[in-house]
Undergrad: 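My structure is below; once you've seen it, I'll send some questions.
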Amino acid sequence: MTSRRTRIYEGKAKILYEGPEPGTVIVHFKDDATAFNAQKKAVIEGKGVLNQRISEYIFTRLNDLGIPTHFLRSLNVREQLVREVEIIPLEVVVRNVAAGSLATRLGLEEGTALPRSIIEFCYKNDALGDPMVSEEHITAFGWAAPQEIDDIMHMSIRINDFLTGLFLGIGIKLIDFKIEFGRLYENDMMRIVLADEISPDSCRLWDTKTNDKMDKDRFRRDMGGLVEAYQEVAKRLGIISENEKPERARPKLVKSDT
Ligand code: TMP
């Protein structure tokens with residue numbers, strides 16, 4: 001099925017193919033998991049499908065709220081059609097509670113509430129290990145213009161407000177997350193839209209009652225139970241039903257004897 005398509009790019013967790021119309025791209029969510037700049041690797045069966053479905057749900061809700069995204073529609077459980085954008089080479093991290101690299105960098109105990117939500121920028125460059133940068137670096141090197149940084153920060157705050165409420169309603173604390181933005185060119189206009197994905201691969205999600213991790217830290221920290229945790233997130237969001245195995249959700253072709 002996928003072999004005839006033109007592959008544009010293969011990343012660590014996703015493959016991009018040319019879409020059916022100009023200006024569109026097909027995103028294929030792989031089961032590959034990486035951490036620490038791909039020093040740690042594994043294939044986790046079912047992860048890609050869960051991330052696609054969770055990201056589809058969140059991007060649809062954001063589109064409905066008037067927060068522009070690249071998402072058009074899902075094509076199947078593992079793939080989605082998106083608008084082609086020029087990716088801004090920044091990883092935008094929004095944090096509500098200290099964890100991960102912030103906890104390490106500032107010597108904070110994981111789980112400490114932050115005085116307010118904090119936005120950080122990292123320069124998307126695997127060879128350099130995605131170093132943290134300031135607005136000064138971003139504008140000096142021309143990765144984004146000051147007005148674009150403003151748009152990105154406003155959208156990031158709105159996305160954080162929406163996601164925090166969405167997850168709180170299903171018993172999950174949104175500790176932090178990483179998003180990416182792109183430039184969408186339409187006619188003579190350009191606007192910044194949310195791109196990439198929002199999934200348990202790119203968020204830290206803790207169960208409100210138990211503080212159990214329901215995100216990729218289960219892989220980063222060798223805790224096991226990643227697919228079960230992502231499934232629980234999908235179930236609580238109402239995306240999959242209690243007993244559904246998402247990777248088996250498609251009807252199977254049954255050979256007829258007649
Ligand atoms: P950090 O604490 O390791 O900097 O991660 C902050 C958030 O960003 C966390 O939710 C995980 C997410 N993240 C990614 O999505 N991709 C990455 O490459 C890294 C380092 C973090």
Side-chain angles (χ1 to χ4, degrees), residues 9-14 27 29-42 44 47-48 50-52 54-55 58-59 62 69-70 87-114 116-134 137 143 152-153 155-157 159-164 166-168 172-182 194-208 211-223 226 229-230 233:
Y9 177 79
E10 178 157 2
K12 285 176 283 196
K14 296 190 286 294
V27 183
F29 286 70
K30 298 193 284 184
D31 282 339
D32 298 17
T34 65
F36 314 116
N37 205 10
Q39 289 176 65
K40 178 171 176 165
K41 285 185 196 174
I44 304 178
K47 179 178 84 76
L50 284 158
N51 281 344
Q52 193 288 125
I54 293 168
S55 200
I58 292 172
F59 275 60
L62 291 171
T69 83
H70 73 160
I87 290 286
I88 293 170
L90 296 174
E91 301 208 335
V92 180
V93 175
V94 183
R95 301 181 183 272
N96 300 307
V97 174
S101 70
L102 178 76
T104 308
R105 203 184 318 130
L106 299 186
L108 298 169
E109 194 184 333
E110 279 209 314
T112 311
L114 298 172
R116 60 174 174 82
S117 300
I118 293 172
I119 301 180
E120 296 173 349
F121 298 105
C122 296
Y123 175 46
K124 243 175 96 71
N125 184 316
D126 280 342
L128 301 175
D130 300 338
M132 196 162 110
V133 292
S134 73
H137 301 97
W143 299 323
I152 286 170
M153 291 186 71
M155 287 170 70
S156 298
I157 291 163
I159 293 164
N160 185 42
D161 288 347
F162 167 72
L163 289 179
T164 299
L166 173 73
F167 283 118
L168 208 55
I172 294 173
K173 279 190 282 191
L174 176 64
I175 304 300
D176 55 34
F177 60 97
K178 184 269 294 178
I179 44 181
E180 297 181 24
F181 293 88
L194 180 69
D196 193 45
E197 69 177 284
I198 297 179
S199 73
D201 264 14
S202 59
C203 300
R204 281 199 176 90
L205 305 170
W206 294 4
D207 181 86
T208 314
N211 278 338
D212 272 357
K213 297 185 199 311
M214 306 173 76
D215 56 61
K216 200 171 134 187
D217 272 348
R218 300 203 74 90
F219 169 70
R220 295 189 191 96
R221 303 180 189 192
D222 296 319
M223 301 168 76
L226 180 136
Y230 286 27
V233 173

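In listed order, ligands and their atoms are each counted from 1. We count residues from 1, following the sequence as given.
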Undergrad: Please say whether the positively charged group of K40, taken as NZ for Lys or CZ for Arg, lies over the ring of F219, i.e. under 6.0 angstrom from the six-membered ring centre and within 45 degrees of the axis.
TA: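 Here K40 passes the 6.0 Å and 45° test against F219.
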
Undergrad: With sequence neighbours excluded, what pairs up with K216 under the salt bridge (Lys or Arg N to Asp or Glu O under 4.0 Å) test?
TA: none

Undergrad: Heavy-atom cut-off of under 4.0 Å around ligand 1: list whichever protein residues fall inside it, by chain and number.
TA: E91, V93, R95, A99, G100, S101, D176, F177, K178, D201, S202, C203, R204, R220

Undergrad: Run through N51, D201, D215 and flag the one making a side chain to side chain donor-acceptor pair (under 3.5 Å) with Y230.
TA: D201

Undergrad: Test L163 against every option in L62, I198, N96 by the side-chain contact (heavy atoms from CB on, under 4.5 Å) rule and name the one that passes.
TA: I198

Undergrad: Quick check: do L166 and I58 have side-chain heavy atoms less than 4.5 Å from each other?
TA: yes

Undergrad: Would you give the length of the straight line joining atom CG of D130 to atom CG of L90, rounded to the nearest 0.5 angstrom?
TA: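 Reported to 0.5 Å precision, the distance equals 10.5 Å.
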
